[in-house]
Participant: 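Quick one: this structure, given as structure tokens, is what I'll be asking you about.
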Amino acid sequence: MATTVTTKGQITLPKKVRDAAGIKPGDKVEVRNTASGGIFIGKSGSEAEYLKKLQAIAKRYPIRGGTTDEIMLELRGDPADDFEK
């Protein structure tokens with residue numbers, strides 16, 4: 001979906017994009033460049049809300065008491081068991 005930049009540097013976000021992101025008239029949006037050269041536009045505060053949700057999940061399901069290797073062994077099983085002798 002393409003849009004045109006005006007001489008003032010403004011763009012119009014297409015309605016489908018605004019609706020999908022939940023952006024309404026008067027809302028603030030975050031705009032920043034990405035490492036790949038693109039542009040991120042999102043509803044202001046949405047990243048903070050997402051981070052809070054992730055932190056809440058992490059608190060409910062903590063992974064403690066083992067090294068990464070021990071956790072992977074528990075999740076995947078012993079690789080030595082994968083080969084028939």
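Keep in mind that the numbers below use all heavy atoms, side chains included, and drop hydrogens, waters and symmetry copies.
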Participant: Output a table of donor-acceptor pairs, distance under 3.5 Å, between side-chain atoms of residues 18-32 and any protein atom two or more places apart or on a different chain; print 'none' if there are none.
Facilitator:
residue, atom, partner, partner atom, Å
Arg18, NH1, Leu13, O, 2.4
Asp19, OD1, Lys15, NZ, 3.4
Asp19, OD2, Lys15, NZ, 2.9
Asp27, OD2, Lys24, N, 2.7
Glu30, OE2, Ser44, OG, 3.1
Arg32, NH1, Glu47, OE2, 2.4
Arg32, NH2, Glu47, OE2, 3.2

Participant: Go through the structure and list residues passing side-chain hydrogen bond (donor to acceptor under 3.5 Å, both in side chains) with Thr4, not counting sequence neighbours.
Facilitator: none
Participant: When Ile, Leu, Val, Met, Phe, Trp and Tyr are grouped by side-chain heavy atoms lying under 4.5 Å apart, directly or through other members, which residues fall in the same group as Phe40?
Facilitator: none
Participant: If you look only at pairs with a residue in residues 68-79, which of them pass as a salt bridge (Lys or Arg N to Asp or Glu O under 4.0 Å), with sequence neighbours excluded?
Facilitator: none
Participant: What is the distance from atom CD1 of Ile39 to atom CD1 of Ile11, rounded to the nearest 0.5 Å?
Facilitator: 7.0 Å
Participant: Excluding sequence neighbours, so at least two apart, what forms side-chain contact (heavy atoms from CB on, under 4.5 Å) with Ile57?
Facilitator: Arg60, Tyr61
Participant: Does Thr6 have any side-chain hydrogen bond (donor to acceptor under 3.5 Å, both in side chains) partners at least two apart in sequence or in another chain, and if so, which?
Facilitator: none
Participant: Under 4.5 Å between side-chain heavy atoms, chaining through other members, with only Ile, Leu, Val, Met, Phe, Trp and Tyr counted: pull out the rest of the cluster around Met1, sorted by chain and number.
Facilitator: Val17
